[in-house]
Amino acid sequence: MTSKSARITVTGAAGQIAYSLLFRIARGELLGPRQSLILQLLEITPAMGALKGVVMELLDCAFPLLEDVIISDDPEIAFRDAEYIFLVGSSPRKKGQERSDLLEKNISIFKTQGRAINNSASRNVRVLVVGNPANTNTLVAASNAPDLEKTQFSGMVRLDQNRAMSMVATHLGSSVCELNIQKLVIWGNHSPTMFPDIRLATINDEKATDKVEASWYKNEFILNVAQRGSAVIAARGASSAASAASAAIDHMHDWALGCKEQEWVSMSVFTDKTYAPLIPEGLYCGMPCICRGSNSYKIVEGMSFDGFSESKIKDTVKELQEERSFAHKILGTL
């Protein structure tokens, strides 16, 4: 076991996603079986009683890696010296609520949390935004942490990548564990405009485009990936929780420790000039990345786009720009 415990903060810690996330982190699935850790859990004041129950269960598991659990309704305390932060808690979208209403509610939350991270977290912190609308929430949080680099924040589109891989496997009458699916990319926003891209993907080292029908890909697959979250809600009466937690661990694990050699992972990261002007600078956009370990990533360069893929990316980028403009209107920054 390592001598220094890693400090990991999870917000919305009494919620369903966190309930699926915390026990897996404490077991060692995030940073490995030799890394001891301290969990720092943030909740709103009315949920602190429920959070105490979660802590009881964590302690009752007697995890050998878990050194301590700290709970608070004060973000300055919960983020103190944190090295890895999962921003899970957000205001959920209610029936009949417009996306702009959801954005406005969450802008306030992530502004506050960004400032607290800036004030309290480790200078080497890595922040993953899970709470929706994840891309713009990431932008708001990062923009309110001026002492940190924009590359220390990312938003989660890994759930969409995992969903897409599973759907490809099911379409081929197989399972993910039987297929080596590589280089499947999620571009853009974690919303119905996202673009799951299989143009360069491989399945058992063969081109994915040779394995799946073009009509299924364009007419069914893209729509089904984009609407999977809504389908889960319709089926179980609640939003994705365990699958979101699993994707969050996948994302942060690869970011911290590195992904497999030659593997691409989809992350919503701060955009530079790599794909400008198609994807302009200053957004958090789902893109293909390679994680090399040591809390770093690199955007995959050199990809080209046909007319169809370019139009899909333009649509999702347009939405991201509109959300950024809306956030700017509310905050007067960004």
Side-chain angles (χ1 to χ4, degrees), residues 16-17 19-21 23-25 29-30 86 88 128 130-132 134-135 154-255 259-268 286-291 300 309 312 316:
Q16 287 297 304
I17 294 175
Y19 193 76
S20 295
L21 178 65
F23 298 87
R24 294 181 64 177
I25 292 174
E29 292 184 35
L30 176 63
F86 294 82
V88 177
L128 171 59
V130 177
N132 287 318
N135 296 58
S154 68
M156 193 173 81
V157 291
R158 186 63 172 268
L159 176 56
D160 307 305
Q161 178 183 323
N162 289 350
R163 286 167 168 167
M165 291 170 62
S166 176
M167 288 182 192
V168 167
T170 300
H171 176 68
L172 296 176
S174 189
S175 62
V176 173
C177 70
E178 295 174 318
L179 302 177
N180 179 24
I181 303 174
Q182 295 288 341
K183 299 183 178 179
L184 191 160
V185 179
I186 303 296
W187 296 93
N189 203 0
H190 177 65
S191 79
T193 68
M194 77 178 75
F195 174 47
D197 184 4
I198 67 167
R199 292 174 304 120
L200 295 182
T202 60
I203 302 171
N204 293 338
D205 298 322
E206 297 181 47
K207 290 183 179 179
T209 51
D210 291 340
K211 294 277 192 178
V212 303
E213 297 87 352
S215 60
W216 173 80
Y217 170 62
K218 289 187 176 182
N219 300 326
E220 297 183 47
F221 171 74
I222 293 174
L223 183 63
N224 288 340
V225 174
Q227 295 185 346
R228 184 66 163 189
S230 296
V232 170
I233 292 173
R236 70 182 294 260
S239 59
S240 303
S243 58
S246 183
I249 288 177
D250 290 343
H251 180 127
M252 191 72 91
H253 173 276
D254 288 348
W255 193 7
C259 54
K260 297 175 184 177
E261 188 176 0
Q262 303 303 317
E263 183 179 18
W264 295 0
V265 292
S266 298
M267 302 169 63
S268 177
M287 304 178 79
C289 297
I290 298 173
C291 295
V300 175
S309 59
K312 298 297 289 185
T316 195

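One-based numbering along the sequence shown.
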Drop me the distance from [X]'s [atom1] to [Y]'s [atom2], to the nearest 0.5 angstrom.
{"X": "Asn219", "Y": "Asn224", "atom1": "CG", "atom2": "CG", "answer": "10.5 Å"}
{"X": "Met287", "Y": "Trp187", "atom1": "CE", "atom2": "CH2", "answer": "5.0 Å"}
{"X": "Ile17", "Y": "Ser246", "atom1": "CD1", "atom2": "OG", "answer": "12.0 Å"}
{"X": "Arg228", "Y": "Met194", "atom1": "CZ", "atom2": "CE", "answer": "12.0 Å"}
{"X": "Leu128", "Y": "Trp255", "atom1": "CG", "atom2": "CH2", "answer": "7.0 Å"}
{"X": "Met156", "Y": "Met267", "atom1": "CE", "atom2": "CE", "answer": "12.0 Å"}

*If you look only at pairs with a residue in residues 154-167, which of them pass as a side chain to side chain donor-acceptor pair (under 3.5 Å), with sequence neighbours excluded?*
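For residues 154-167: Ser154-His251, Arg158-Asp254, Asp160-His190, Gln161-Ser266, Asn162-Asp250, Arg163-Ser240.
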
*Do the side chain of Asn135 and the main chain of Gly188 share a donor and acceptor less than 3.5 angstrom apart?*
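Checking the backbone N and O of Gly188 against the side chain of Asn135, a donor-acceptor pair under 3.5 Å is found.
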
_Donor on one side chain, acceptor on other, Glu178 and Ser175, under 3.5 Å_ =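 Side chains of Glu178 and Ser175: pair found under 3.5 Å.
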
Could I get the full list of side-chain contact (heavy atoms from CB on, under 4.5 Å) partners for [X], not counting sequence neighbours?
{"X": "Tyr19", "value": "Phe23, Val54, Glu57"}
{"X": "Asn180", "value": "Gln182, Asn204, Asp205"}
{"X": "Ser239", "value": "Ile233"}

I need the minimum non-hydrogen distance between [X] and [Y], along with the two atoms involved.
{"X": "Ser20", "Y": "Ala242", "value": "OG-CA, 3.7 Å"}
{"X": "Ala226", "Y": "Pro192", "value": "CB-O, 3.5 Å"}
{"X": "Val157", "Y": "Gly286", "value": "CG2-CA, 4.2 Å"}

*Under 4.5 Å between any side-chain heavy atoms of Trp264 and Ile290, yes or no?*
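Heavy-atom side-chain distance check passes, below 4.5 Å.
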
_I want to check something: taking the side chain as every heavy atom from C-beta on, are Glu220 and His171 in contact at a cut-off of under 4.5 Å?_
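In short, these two side chains do not touch, never coming nearer than 4.5 Å.
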
*Pairs involving residues 190-202, ordered by first then second residue, that meet salt bridge (Lys or Arg N to Asp or Glu O under 4.0 Å) (sequence neighbours left out)*: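 Sorted result for residues 190-202: Asp197-Arg199.
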
*Step by step, would you call Lys312 with Ile222 a side chain to side chain contact (heavy atoms under 4.5 Å, CB included)?*
CA-CA 10 Å; Lys312 298 297 289 185; Ile222 293 174; 4.2 Å; yes

*How would you list all residue pairs meeting ring-ring contact (aromatic ring centres under 6.0 Å, His included) that involve residues 220-242, not counting sequence neighbours?*
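ring-ring contact (aromatic ring centres under 6.0 Å, His included) check on residues 220-242 returns Trp216-Phe221, Tyr217-Phe221.
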
